[in-house]
Every structure is written in C-alpha cells, then in structure tokens.
Amino acid sequence: MLGYIWQYVYTSFLRYWLKWLIKQATGTCELQRICSGYKPGATRTTKAEYSLRSSKSKVLRGAVETDKDKLEQCVDQIMKVKNVKPQKDPLFKGSLHICLLQITGHSSLYVSVEDLRKEVFSSDNQAHEAMLLKLWDLLMPTVKLESRITKQWGDIGFQGDDPKTDFRGMGMLGLINLVFFSENYTEEARQVLSHANHPKLGYSYAIVGINLTEMAYSLLKSGALKPHFYNTVQGTPELQDFHQLYCYLAYEFDKFWVAEEPESIMEFNQYREKFHNIVKTHLQDPEVSLTLTASSGNN
C-alpha cells in the first residue's frame, strides 16, 4: 500500500518539481538528458517513452501516437515547447526522432500483426493455398504430396488431413511464420522438424509452431517485446522483424525441448510455460536481443 501511495505522490507532485530543479541546474530538459545520456537502444527509448507519456504537455503525450510521416514535425513542436535550441544541442533532434520511430513503430507493428492474425485461411484464396504448398516443399523437398487433403500433413505436424483447420486461432499469421522460418532458415527448420519427428521426444512441428506464434503475438501485445525491438531495430520495426523474432522462438524452443527430455507430449503445456517464462526473463534485460544466429539465415 505504501508503495502505491509513494508512486502516486512521486508521479503527481515530486517528479515535476525534481525535473524543474534539474533543468534549472543543467539548462537541459529531461528528454535532452535522456537522449544525450544513453546510447541508442532500449534504455534510452524506454526512458524517452516514459517521459513523453508522463508529461503534462499535450504535445509531448500525443507524440507517442503520431503518424510516421508527421514525426519530424512532431519533433519540431517538442523542441519548441521545451525551448531546445538546435545550435546548442545539434544531436537532440535526430536522437528523439529515432526514439519516436521506435515507439510509434511498435504500435503500428502490432496493428499489422493483428491484421494477419485476423485474416482467415481460405482454400478459395490461391495465394493462401500456394503458401501452404510452399511450406510442404520447403520442409519435405524429396516427398511428393499425394493430394491437397491427405494424412501426409501429419508428417510435418498438422493434426488432420486438411491443415486449414489448424490456423483458426492465429489465422494467416501462423502460416506466414512457419513459411518464413522454413524459407529463411531452411537447414534449421528441417533440423527442428527431424527433432519433432523423434520417436520418443517428438512433438507436432506445425501445431507447436502455431503455438509459438501465439506466444510471440501475446508478448508483442503486452509490450514485453519493446526492449528487443528497441535494441535490434534502429527505426520502425516491420513485419519481417516480428517474423525474425518467431524464428528465434521456434529454434530455441526446439533446443529447450530436446534438452529437457519431457516424458511425453502430454507435458507440452508445462514445458511451454517454462520456456515462456525464460523468454520473459530475457526480455527484462535492457540489453536483450532475441536474434537467431543460425548459419543458413539469409537475412
């Protein structure tokens, strides 16, 4: 209870006066001190985001929701409000612009990912069908698919004869992630599939892959991935950056599963949660970068 009271008093009263005193002493505003005092990355951008959201100025609070094409104008407005002179602090404008690209880019990335999640796989859509068949060819290049609806789909970890039913939860996002991993890290994807088909330690490759898409999506939605993207993308994170994060999860989960040697697939939820907690712990490190450094990666 005392912690909540202190937080309220600090954010409502003390923080404002503390900032004012430091500005009088240094001649710089909080955003200037953040941009000059920290290297590009999660720590700088996270502190800048907190400063903007906590500001009493509508211009600063609104900056975190600004469209990408209006960010330069937004930075100019912030400099005017905070009376920052370019001659005295020539690096400030560029540093703040990068922070805002990352902050607003995270929000736009979530919208793009959500759109793909909501896009339903349709057998009547030729592009959807072509992507599904591409997944088979990437993972099973020497085996011909006998027909579109076949038990063979079980060989790459789908539950039934028609994979479209497995995409209901994550929509096209699940399929796109699977194809991206298989196309950009083909050797690693086939290696993971071989582990998934192990007679004792095996698991359903595609179903687990879609489950990991849900994990990546939930981490993005909660904001937990911000440090990762702020450290790895010096600008606006794009869909490809999300897909790269998925590749990391797919590869690392397989390593984790094999090392843990579960008794059976029935323990999947238990080990999934354990892996999820490991990832969330990594994301609490301000220097975090969840990047797959595999040999065959083309990106």
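Heads up: numbering here begins at 1 and tracks the sequence.
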*Taking only residues at least two apart or on different chains, which pairs with a member in residues 257-268 satisfy salt bridge (charged side-chain N to carboxylate O under 4.0 Å, His left out)?*
Glu260-Lys274
Which pairs would a plain distance check flag for residues 125-138, meaning a side-chain donor or acceptor within less than 3.5 Å of a matching protein atom at least two apart in sequence or in another chain?
residue: Asn125; atom: OD1; partner: Ala127; partner atom: N; Å: 2.9
residue: Asn125; atom: OD1; partner: His128; partner atom: N; Å: 3.2
residue: Asn125; atom: ND2; partner: His128; partner atom: NE2; Å: 3.4
residue: His128; atom: ND1; partner: Ser122; partner atom: N; Å: 3.1
residue: His128; atom: NE2; partner: Glu119; partner atom: OE2; Å: 2.8
residue: Glu129; atom: OE1; partner: Arg148; partner atom: NE; Å: 2.6
residue: Glu129; atom: OE2; partner: Arg148; partner atom: NE; Å: 3.2
residue: Glu129; atom: OE2; partner: Arg148; partner atom: NH2; Å: 3.0
residue: Lys134; atom: NZ; partner: Glu183; partner atom: OE1; Å: 3.3
residue: Lys134; atom: NZ; partner: Glu183; partner atom: OE2; Å: 2.7
residue: Trp136; atom: NE1; partner: Val143; partner atom: O; Å: 2.9

*Say whether Gln191 and Tyr185, considering side chains only, have a donor N or O and an acceptor N or O under 3.5 Å apart.*
no
*Near Lys151 NZ, under 6.0 Å, is it more than 12 heavy atoms from other residues, nucleotides or ligands?*
no
*What heavy-atom pair brings Pro237 and His106 nearest, and what distance separates the two atoms?*
CG-N, 3.8 Å
_What's the separation between atom CD1 in Ile210 and atom OH in Tyr246, rounded to the nearest 0.5 Å?_
8.0 Å
*Go through Glu114 and Tyr217 one step at a time and tell me if the side-chain contact (heavy atoms from CB on, under 4.5 Å) criterion holds.*
CA-CA 8 Å; Glu114 179 71 354; Tyr217 166 77; 2.6 Å; yes
*If every non-hydrogen atom of Lys200 is compared with every non-hydrogen atom of Pro262, which pair is closest and at what distance?*
NZ-O, 4.4 Å
*asked:* For Tyr203, give me all partners under ring-ring contact (aromatic ring centres under 6.0 Å, His included), at least two apart in sequence or on another chain.
replied: Trp257
*Mind checking whether Ile98 and Ile103 sit in one hydrophobic cluster, side chains of I, L, V, M, F, W, Y counted as touching below 4.5 Å?*
no
*asked:* Under the side-chain hydrogen bond (donor to acceptor under 3.5 Å, both in side chains) definition, can you give me all pairs with a residue in residues 57-71, not counting sequence neighbours?
replied: none
_With a 3.5 Å distance limit and no angle check, can you tell me whether Asn231 reaches the backbone of Ala42 through a side-chain donor-acceptor pair?_
yes
*In chain order, what residues pass the side chain to side chain contact (heavy atoms under 4.5 Å, CB included) check against Glu146, with sequence neighbours excluded?*
Thr150, Gln152
_Residues forming a side chain to side chain contact (heavy atoms under 4.5 Å, CB included) with Ala189, sequence neighbours excluded_ = Leu139, Phe181, Ser182, Tyr205
*For the atom pair CD1 (Ile78) and NZ (Lys93), what is the distance rounded to the nearest 0.5 Å?*
11.5 Å
*Should Met170 and Tyr248 be counted in the same cluster of Ile, Leu, Val, Met, Phe, Trp and Tyr side chains packed under 4.5 Å apart?*
yes
_If I take atom CG from residue Leu109 and atom OG1 from residue Thr236, how far apart are they, to the nearest 0.5 angstrom?_
10.0 Å
_Between Asn277 and Glu273 (side chain of the first, backbone of the second, donor and acceptor by atom type, cut-off under 3.5 Å), is there such a pair?_
yes
All N/O donor-acceptor pairs, side-chain side in residues 219-227, below 3.5 Å, sequence neighbours left out:
residue: Ser222; atom: OG; partner: Ser218; partner atom: O; Å: 3.3
residue: Ser222; atom: OG; partner: Leu219; partner atom: O; Å: 3.1
residue: Ser222; atom: OG; partner: Ala224; partner atom: N; Å: 3.3
residue: Lys226; atom: NZ; partner: Glu49; partner atom: OE2; Å: 2.8

*Would a 4.5 Å heavy-atom cut-off, applied to side chains only, mark Val192 and Phe253 as touching?*
no
_Could you report the tightest heavy-atom contact between Val84 and Cys29, atom names first, then the distance?_
CG2-SG, 4.2 Å
*Which atom names give the shortest non-hydrogen contact between Leu245 and Ala216, and what distance separates them?*
CD1-CB, 3.9 Å
*Do the side chains of Val113 and Val120 join up, straight or via other hydrophobic residues, at under 4.5 Å, putting them in one cluster?*
no
_If the condition is ring-ring contact (aromatic ring centres under 6.0 Å, His included), which residues does Phe167 pass it with, not counting sequence neighbours?_
Phe121, Phe158
*Partners meeting side chain to side chain donor-acceptor pair (under 3.5 Å) with Asp285 (sequence neighbours left out)*: none
*Check whether any side-chain N or O of Asp166 sits under 3.5 Å from a backbone N or O of Ile207 as a donor-acceptor pair, and report yes or no.*
no
*Given Arg33 and Glu30, is the salt bridge (Lys or Arg N to Asp or Glu O under 4.0 Å) satisfied, shown in steps?*
CA-CA 5 Å; Arg33 296 192 298 275; Glu30 184 178 50; 5.1 Å; no
*Rounded distance (nearest 0.5 Å) linking atom CD of Glu252 with atom CG of Leu290*: 8.5 Å
*Tell me whether Met79 is reachable from Leu52 by hopping between hydrophobic residues (I, L, V, M, F, W, Y) whose side-chain heavy atoms are closer than 4.5 Å.*
yes
*asked:* Would the distance check show the side chain of Ser51 and the main-chain N or O of Lys47 forming a donor-acceptor pair, the cut-off being under 3.5 Å?
replied: no
*Rounded to the nearest 0.5 Å, how far apart are CD of Glu72 and CG of Leu100?*
11.5 Å
_Path from Met215 to Ile278 over hydrophobic side-chain contacts below 4.5 Å_ = yes
*Taking all atoms of both residues into account, what is the closest heavy-atom pair of Tyr230 and Thr46, and its distance?*
CD1-OG1, 3.8 Å
*Checking Gln102 side chain against Val233 main chain: does a donor-acceptor pair fall under 3.5 Å?*
yes
*With ILVMFWY side chains joined below 4.5 Å, transitively, what does Tyr38's cluster contain besides itself?*
Ile34
*Mind checking whether Phe275 and Phe256 have parallel, tilted or perpendicular rings, split at 30° and 60°?*
tilted
*Look only at the side chain of Ser54 and the backbone of Tyr50, and say whether a donor-acceptor pair between them is shorter than 3.5 Å.*
yes
*Under 3.5 Å, is there a donor-acceptor pair between the side chain of Asn177 and the main chain of Gly174?*
no
*Is the CZ atom of Arg53 crowded by more than 12 outside heavy atoms at less than 6.0 Å?*
yes
*Run the numbers on Leu71 and His97 for side-chain contact (heavy atoms from CB on, under 4.5 Å), then give the verdict.*
CA-CA 7 Å; Leu71 283 183; His97 190 257; 3.9 Å; yes
*In chain order, what residues pass the ring-ring contact (aromatic ring centres under 6.0 Å, His included) check against His243, with sequence neighbours excluded?*
Phe180
*For side-chain contact (heavy atoms from CB on, under 4.5 Å), just list the numbers for Ser204 and Ile265, CA-CA rounded to whole Å, side-chain angles, deciding distance to a tenth of an Å, and then say yes or no.*
CA-CA 9 Å; Ser204 299; Ile265 190 62; 5.6 Å; no
*Does the pair Asp155 and Asn197 meet the rule for a side-chain contact (heavy atoms from CB on, under 4.5 Å), with working shown?*
CA-CA 8 Å; Asp155 295 341; Asn197 288 333; 5.6 Å; no
*Quick one: list whatever passes side chain to side chain donor-acceptor pair (under 3.5 Å) with Asp89, sequence neighbours left out.*
Gln32
*Nearest 0.5 Å please: distance from the CG atom of Leu175 over to the CG atom of Leu116.*
10.5 Å
*Quick one: does Ser112's side chain have a donor or acceptor within less than 3.5 Å of a partner on Ser108's backbone?*
yes
*For residues Thr104 and Leu101, report the shortest heavy-atom separation together with the two atoms involved.*
OG1-O, 3.7 Å
